[in-house]
Amino acid sequence: MSKKQKKPVKPKARLPKGLRDVYGAEVRAMQAMVEKVRRVYELYGFEPLITPALEYTDALGKFLPDVDRPNAGVFSLQDEDGQWMSLRYDLTAPLARYVAQNFDALPKPFRRYQSGQVWRNEKPGPGRYRQFEQFDADTVGAPPGAADAEMCMMMADCMEALGIARGDYLIRINNRKLLDAVLEKIGVDAAPDNPQRLIVLRAMDKLDRLGPDAVRALLGKGRKDESGDYTKGAELEAQAIETAMAFVSAGAASHDETLTRLQELVSGSPVGEAGIAELRRMSALFEAANYGSDRVVFDPSIVRGLDYYTGPVFEAELTFEARNEDGEITRFGSVGGGGRYDGLVARFKGQPVPATGISLGLSRLYAALLALGKLESASLAAPVIVLVMDKDEMAGYQAMAHELRAAGIRAEVYMGGSGMRAQMKYADRRGAPAVVIEGGDEREKGEVTIKDLVLGAQKSKEITDNEEWRSGQAAQVSVARKDLVAQIRKILEQNR
RNA sequence: GCCGCUGUAGCUCAGCUGGUUAGAGCGCCUGAUUGUGGAUCAGGAGGUCCCUGGUUCGACUCCAGGCAGUGGUACCA
């Protein structure tokens, strides 16, 4: 045995990290969720749009200006002509591209919905993947107010359409303009790339997760977490910290009360006043439509992504707790969000195009619904398996399967090459409710034997005697060949 | 990215202060049952002990570096 000896190079069957396969019941459950959300979006009048997974990187706005390369957070590749393309990282950037490209042909406001996979080249974590599915709805060409309120109410409707009870979710709303006003008050330059601004906003966003003391630390000197890692603070003065803290903790029981408190905090700031006015308009619409604070609340600690939001921002949060497979209590947190982005289309057009939209994270919603036990409607009965006792009689077995299908019953003929024992095992693994057996004995008498696998499994628990196992005749009946469908129906009925 | 923890069979893990052929449970396959899944019994397959180097007569075990995974944190359009 020399080291030089070449082994045949077999590829290892594996998936890149942060990616996963989805199979069977989970696929059905996802499709059912998409369908429920789709119905809500359709009811609100939105039209479907499909765009490709790949876009030119500059159209997504992810080209690094100084280097001749795309942002590392997106998956990118070069076209034949050297142009960079990237996999979309959300559905909003492609929408902006689509609207700009077809601007003159589209009705304004333009209302579209879109579901699809998106990709982010980031460190994966538990429940966080590098590919995941989102379901968006956006209105392009509508000024602040009604369009934003509609998004929030529609997001609430989606939650309930998915079977999440009122009280188990909450739509939280804030306004970027208020955050800008607070930054102004505490003397932080509101330029988008000002690092201090970013630190302040991120700190405020962490209120519900880390608590007020940690936020205070992050606004000031900085904070050391339990792993020993140190996070740099914003180095604000004590006075400024208190102003910021007063702002993020201004949430109150009623919409009016919260807005009144916030108004006091930003009074004198034109941008702040504008922000309050937008939220007041939304609040009036919520009230008129009966969306109370059990569904939508104003929460000044909501920040959302830092890049492109310009007005109201919203987040759908699941408020119930569930136990994971290790028995630990987990909170699902945010399952969707959105907001107003008045500058996105303007990147292409020059002229400002106001827009607002939401995005639901379907994978996280799936995990949540699983924990809530709201997915059984998606399950589908496994097929009846017709055993192949005699390969020469294949046509006859196919005919049985056809009859069952014609009656609306999932059925398949065993397509493998193994014997009866393996076929029974196969039927068991598939979760088949019943098996159809036609061997020589049955054929002679013009009968088929039908075994009820569910009943059989039940009986097996009661049987201790080895003889009985060997007979294997429990839970099966022979009926006339013509009664096949009726007998299967009867069994399916009993096992429902 | 930073800090910590962990890498032994498909999965969950055991393996004494360094000592011969590295184990268990579950799962998988085969048989008891050539026409019967799920119980039981018997048998079987399956391992570069993460990788590389070092210490040693001898390393799964100790040391160093790397890689991978995981938890926290940071980032997340």
Side-chain angles (χ1 to χ4, degrees), chain A residues 3 7 13-14 17-18 60-62 70-74 86 88-94 96 118-126 128-130 132 134 192 198-199 201-203 205-206 209-210 214 218 222-232 303-309 326 328 334 337-339 341 343-344 347 359 361 385 387-390 414 418-443 449-476 478:
Chain A
K3 276 186 186 167
K7 293 178 201 155
R14 69 207 176 109
K17 65 175 174 183
L60 291 179
K62 285 295 150 185
N71 183 306
V74 298
S86 298
R88 64 187 177 206
Y89 55 85
D90 69 11
L91 298 175
T92 311
V118 302
W119 293 264
R120 293 184 190 182
N121 191 8
E122 292 164 357
K123 179 187 165 189
R128 298 187 42 154
Y129 299 94
R130 290 150 96 202
F132 52 96
Q134 292 192 327
L198 299 178
I199 293 171
L201 293 178
R202 282 172 197 148
D205 196 30
K206 283 173 188 141
R209 192 158 56 87
L210 300 178
L218 286 169
R223 168 177 179 268
K224 185 155 40 168
D225 64 56
E226 63 246 46
S227 75
D229 196 17
Y230 187 76
T231 309
K232 199 168 156 290
V303 175
R304 302 284 303 158
L306 302 169
D307 258 17
Y308 56 61
Y309 290 119
D326 297 331
E328 296 159 335
S334 172
Y341 50 96
L344 252 200
R347 282 200 318 116
S359 179
I385 309 291
L387 300 196
V388 177
M389 303 299 290
D390 185 345
Y414 177 74
S418 303
M420 182 180 187
R421 191 181 162 77
Q423 298 191 32
M424 288 301 299
K425 242 183 159 112
Y426 171 76
D428 186 44
R429 282 202 154 179
R430 289 294 307 275
V435 128
V436 179
I437 304 164
E438 189 214 50
D441 298 350
E442 285 88 353
R443 205 170 307 115
T449 297
I450 292 161
K451 178 156 188 175
D452 181 337
L453 295 190
V454 179
L455 183 62
Q458 250 168 44
K459 285 202 165 172
S460 78
K461 286 178 195 151
E462 298 151 19
I463 298 173
T464 46
D465 174 55
N466 208 15
E467 277 307 304
E468 271 187 84
W469 277 101
R470 294 173 67 158
S471 81
Q473 302 294 305
Q476 64 187 48
S478 291

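Chain naming here is simple, since letters A, B, ... match the order of the sequence lines and numbering starts at 1 in each.
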Item to check | Beyond-backbone contact of A/Val435 with A/Ile437, side-chain heavy atoms, under 4.5 angstrom | outcome: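 Answer yes - side chains close enough.
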[N] and [M]: how far apart are their [atom1] atoms, nearest whole angstrom?
N: B/G35; M: B/U30; atom1: P; result: 15 Å
N: B/A64; M: B/G7; atom1: P; result: 16 Å
N: B/C3; M: B/A45; atom1: C1'; result: 43 Å
N: B/G72; M: B/G18; atom1: P; result: 34 Å
N: B/G43; M: B/A24; atom1: P; result: 12 Å
N: B/U6; M: B/G65; atom1: P; result: 15 Å
N: B/G44; M: B/C5; atom1: P; result: 42 Å
N: B/U33; M: B/G37; atom1: P; result: 12 Å

Next on the checklist: Taking only side-chain N and O atoms of A/Arg304, does any of them lie within less than 4.0 angstrom of OP1 or OP2 on B/C76?
Outcome noted: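 No.
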Checklist entry - Is there a side-chain polar atom (N or O) of A/Arg128 under 4.0 Å from OP1 or OP2 of B/C75? => result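 False: A/Arg128 side-chain N/O out of range (4.0 Å or more) of B/C75 OP1/OP2.
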Within the structure shown, what part of the strands sits under 4.0 Å from [X] by heavy-atom distance: base, sugar-phosphate, or nothing?
X: A/Glu442; value: base
X: A/Lys206; value: sugar-phosphate
X: A/Gly419; value: nothing
X: A/Val435; value: nothing
X: A/Leu60; value: nothing
X: A/Asn71; value: nothing
X: A/Gly73; value: base

With both distances kept under 3.5 Å, what pairs with [N], Watson-Crick or G-U wobble?
N: B/U36; value: none
N: B/C5; value: B/G69
N: B/A64; value: B/U52
N: B/A42; value: B/U30
N: B/C75; value: none
N: B/G18; value: none

Once you round it to whole Å, what is the distance between [atom2] of [N] and [atom1] of [X]?
X: A/Arg347; N: B/A77; atom1: CZ; atom2: P; result: 16 Å
X: A/Asp452; N: B/G37; atom1: CG; atom2: P; result: 16 Å
X: A/Tyr414; N: B/U36; atom1: OH; atom2: P; result: 15 Å
X: A/Arg209; N: B/C76; atom1: CZ; atom2: C1'; result: 12 Å
X: A/Glu438; N: B/G35; atom1: CD; atom2: P; result: 15 Å
X: A/Arg130; N: B/A77; atom1: CZ; atom2: P; result: 18 Å
X: A/Arg88; N: B/A77; atom1: CZ; atom2: P; result: 17 Å
X: A/Leu201; N: B/C76; atom1: CG; atom2: P; result: 10 Å

Checklist entry - A/Tyr426 on top of B/G37's base, within under 5.5 Å and under 30°? => result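 By the stated criterion, A/Tyr426 and B/G37 do not stack.
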Is any N or O donor-acceptor pair between the side chain of [X] and the base of [N] shorter than 3.5 Å?
X: A/Lys123; N: B/G72; value: yes
X: A/Lys62; N: B/A77; value: yes
X: A/Gln476; N: B/U36; value: yes
X: A/Lys17; N: B/G69; value: no

What nucleotide among [options] has an atom nearest to a side-chain atom of [X]?
X: A/Thr231; options: B/G35, B/G37, B/U73; answer: B/U73
X: A/Met424; options: B/U36, B/A74, B/A77; answer: B/U36
X: A/Glu122; options: B/G37, B/C76, B/U73; answer: B/C76

Are the side chain of [X] and the backbone of [Y] linked by a donor-acceptor contact shorter than 3.5 Å?
X: A/Asp428; Y: A/Gly431; result: no
X: A/Arg120; Y: A/Gly73; result: no
X: A/Gln423; Y: A/Val388; result: yes

What does the list of N/O pairs under 3.5 Å between the protein and nucleotides 27-31 of chain B look like, with a distance for each?
residue, atom, partner, partner atom, Å
B/C28, OP1, A/Arg429, NH2, 3.3

Item to check | Qualifying residues under ring-ring contact (aromatic ring centres under 6.0 Å, His included), relative to A/Tyr341, sequence neighbours excluded | outcome: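 Only A/Tyr308 meet the ring-ring contact (aromatic ring centres under 6.0 Å, His included) criterion with A/Tyr341.
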Checklist entry - Can a donor-acceptor pair be found between the side chains of A/Thr449 and A/Glu442 at a distance below 3.5 Å? => result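 Checked: A/Thr449/A/Glu442 side chains pair up, N/O donor to acceptor below 3.5 Å.
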Listing time: all N or O pairs from protein to nucleotides 41-44 of chain B that are below 3.5 Å?
none

